[in-house]
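Lettering of chains follows the sequences in order, A, B, ..., and the numbering in each one begins at 1. All heavy atoms count here, side chains included; hydrogens, waters and symmetry mates do not. Just so we're clear, the structure is a prediction, and the values are computed from it rather than from any experiment.
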Number of protein chains: 2
Amino acid sequence: MEKHEVKAAKCAAQLSAVEDAIYVLGGKWKLRILIALLTGYHRFNELQRTIKGISARVLSAELKSLELNGLVKRVVKADQTPVVVEYLPTEYTRSLKQIITVLGDWGLKHKKRITGKGVKIMEKEVE
Amino acid sequence: MEKHEVKAAKCAAQLSAVEDAIYVLGGKWKLRILIALLTGYHRFNELQRTIKGISARVLSAELKSLELNGLVKRVVKADQTPVVVEYLPTEYTRSLKQIITVLGDWGLKHKKRITGKGVKIMEKEVE
DNA sequence: CAGAATCCGTTAGGATACTG
DNA sequence: CAGTATCCTAACGGATTCTG
C-alpha cells in the first residue's frame, strides 16, 4: 500500500468513526440531556427546567431516541401516587464523560477566545 | 451556597460550554471537513471526493462558516494558472484533535457494541 | 406530574444545472 | 478546477392545548 493510500484509509476510518458518534450524539439536545442526566436530574419536568429552551415535545422524543441507544433507562415507580417516572443514565452513558469533558473544555476556551477578542460571530442572545 | 445550588451551577456551566462547542462544530459536516483538512486534504474537489456525500453547495457554505470561526484558512495561490485555492487548517484547528480522537474512539466502540449485538437501530445504508 | 396531539414555521441540506 | 444559483423537501423544533 502506498503512502497516499494509507492516508486515505486512516482518514476514512477516522471519518466513519466520528460519523457514527455524531449519528448517536448529534443534534442540538442529546448531549445536553445526557449532561443533565449525569449531573443528577432524573425527572421529566426537572430536566425540562434544567435544559433551558427545550420543549416537552422535543424532550420526550430525544429521551426515546437515547433510550433506544441504551443511553437512558426509563424507570416507572408504580408503587407511588402519583406515578413517578425517572430517567436514569446507564453504565454506557458514563462512557461519554470523556467526550463531555473534552467538548466542554474546548467550548470554554472558544468562548474566551471570541469574547476576549470582542468578536461576535453571530447573535445568540436570549433576551 | 447550598449543595443543590452547587450542582445546578456546575451543570449549567458544563451545559453552556458544551453548547458553545456544539454551536461551532455541530451539524452533519463540520467535524468531517476538519478531519479531512487535518489529514492533509486541502483542495475543494479533493475535499468533496474525500467526504462522501457532501454537495458542493454545502461544502462551500460549511467552509465559509469554519473560516469565520478561525478553523480554516482560505489561501488563493494567484501565481498559478489556473488559480489554485487551498483550504488549510489553522493552529486553532489543531486544538480540536483531542475532540476528534475521543469522539472517534467512542464511535468505534459504539459501532462494535451494536453490530456485535446484531442490533440495528435505524437504517443507514447507502446503496 | 408526565407526557401526547396538533399545527406550523424554519432550516439544513440534497439534486441538478450552470459559470469563469 | 472552484465554486454559484435554484429549487425543493424532510426533518427539526417552537407554541399551544389537552389528558390521565
Side-chain angles (χ1 to χ4, degrees), chain A residues 15 18-19 22-33 36-37 41-69 72-88 121-127, chain B residues 15 19 22-34 36-37 41-69 72-88 121-127:
Chain A
L15 235 25
V18 171
E19 190 176 334
I22 293 178
Y23 191 72
V24 179
L25 307 174
K28 195 174 174 182
W29 300 110
K30 298 210 179 66
L31 275 174
R32 297 186 214 190
I33 294 171
L37 243 30
Y41 298 101
H42 301 314
R43 309 283 297 273
F44 191 91
N45 286 309
E46 193 178 40
L47 287 168
Q48 202 185 347
R49 257 175 280 122
T50 304
I51 305 162
K52 313 251 189 249
I54 197 168
S55 70
R57 195 180 86 83
V58 171
L59 178 56
S60 172
E62 295 291 64
L63 284 171
K64 275 175 192 163
S65 156
L66 291 171
E67 203 185 350
L68 271 176
N69 284 298
V72 174
K73 185 85 193 293
R74 184 177 190 271
V75 178
V76 182
K77 304 199 165 172
D79 53 339
Q80 307 183 18
T81 2
V83 172
V84 169
V85 180
E86 283 194 343
Y87 294 92
L88 301 174
I121 304 302
M122 281 179 79
E123 65 292 345
K124 233 182 107 182
E125 288 87 53
V126 173
E127 33 166 45
Chain B
L15 234 26
E19 189 177 334
I22 293 178
Y23 191 72
V24 179
L25 307 173
K28 194 173 172 181
W29 300 110
K30 296 213 180 65
L31 275 173
R32 297 186 214 191
I33 294 171
L34 292 169
L37 243 30
Y41 297 102
H42 300 314
R43 310 283 296 274
F44 191 91
N45 286 307
E46 194 179 38
L47 286 168
Q48 202 185 344
R49 258 176 279 121
T50 304
I51 304 162
K52 314 255 190 248
I54 196 168
S55 71
R57 192 182 91 81
V58 171
L59 178 56
S60 173
E62 295 291 64
L63 284 170
K64 276 174 191 162
S65 156
L66 291 171
E67 204 186 348
L68 271 178
N69 283 298
V72 174
K73 184 87 193 295
R74 184 177 188 271
V75 178
V76 182
K77 304 200 166 171
D79 54 338
Q80 306 184 20
T81 2
V83 172
V84 169
V85 179
E86 283 194 343
Y87 294 92
L88 300 175
I121 303 302
M122 282 180 79
E123 65 291 346
K124 228 183 110 181
E125 288 88 52
V126 173
E127 36 166 43

>> Considering every strand and a 4.0 Å limit on heavy-atom distances, what is the contact class for Lys64(B): base, sugar-phosphate, or nothing?
In response: sugar-phosphate
> Once you round it to whole Å, what is the distance between P of dA2(C) and CZ of Arg43(A)?
Replying inline: 4 Å
> Starting at NZ of Lys52(B) and ending at C1' of dG14(C), how long is that distance when rounded to a whole Å?
Replying inline: 18 Å
> Under the side chain to side chain contact (heavy atoms under 4.5 Å, CB included) criterion, do Lys30(A) and Val24(A) qualify, and how do the steps go?
Replying inline: CA-CA 8 Å; Lys30(A) 298 210 179 66; Val24(A) 179; 5.9 Å; no
> Sequence neighbours excluded, which residues qualify as side chain to side chain donor-acceptor pair (under 3.5 Å) partners of Arg57(A)?
Replying inline: none
> How long is the span from the CD1 atom in Ile33(B) to the CD atom in Gln48(B), to the nearest 0.5 Å?
Replying inline: 10.5 Å
Collect all protein-nucleotide pairs involving nucleotides 10-14 of chain D in which both atoms are nitrogen or oxygen and the distance is under 3.5 Å.
from: dG13(D); atom 1: N7; to: Arg57(A); atom 2: NH2; distance (Å): 2.0
from: dG13(D); atom 1: O6; to: Arg57(A); atom 2: NH2; distance (Å): 3.3
from: dG14(D); atom 1: OP1; to: Lys28(A); atom 2: NZ; distance (Å): 3.1
from: dG14(D); atom 1: O6; to: Arg57(A); atom 2: NE; distance (Å): 2.8
from: dG14(D); atom 1: O6; to: Arg57(A); atom 2: NH2; distance (Å): 3.2

> Counting N and O atoms only, with roles assigned by atom type, does the side chain of Glu62(B) sit under 3.5 Å from a partner on the main chain of Val58(B), one being a donor and the other an acceptor?
Replying inline: no
>> Taking 4.0 Å as the cut-off, does a side-chain nitrogen or oxygen of Tyr87(B) come that near to OP1 or OP2 on dC1(D)?
In response: no
> Base, sugar-phosphate alone, or nothing: which one does Arg49(B) contact when heavy atoms must sit under 4.0 Å apart?
Replying inline: sugar-phosphate
>> What is the distance, to the nearest angstrom, from the CD1 atom on Ile51(B) to the C1' atom on dG3(D)?
In response: 15 Å
>> Once rounded to the nearest 0.5 Å, what's the spacing between atom NE2 of His42(A) and atom NZ of Lys73(A)?
In response: 13.0 Å
> Does any non-hydrogen side-chain atom of Asn69(B) lie less than 4.5 Å from one of Leu25(B)?
Replying inline: no
> Can Arg74(A) and Val85(A) be said to form a side chain to side chain contact (heavy atoms under 4.5 Å, CB included), step by step?
Replying inline: CA-CA 7 Å; Arg74(A) 184 177 190 271; Val85(A) 180; 3.9 Å; yes
>> Rounded to whole Å, how long is the line connecting atom CG of Leu59(A) with atom P of dA4(C)?
In response: 10 Å
> Rounded to the nearest Å, what distance is computed from the CG atom of residue Leu63(A) to the P atom of nucleotide dC1(C)?
Replying inline: 16 Å
>> I need the CD-C1' distance between Gln48(A) and dC1(C), as an integer number of Å.
In response: 11 Å
>> Is the phosphate of dA4(C) approached by Ser60(A) (side-chain N or O, under 4.0 Å from OP1 or OP2)?
In response: yes
> Taking atom P of dG20(D) as reference, at what distance in whole Å does atom CG of Asn45(A) sit?
Replying inline: 18 Å
> Expressed in angstrom and rounded to an integer, what is the separation of Phe44(B) atom CZ from dT19(C) atom C1'?
Replying inline: 14 Å
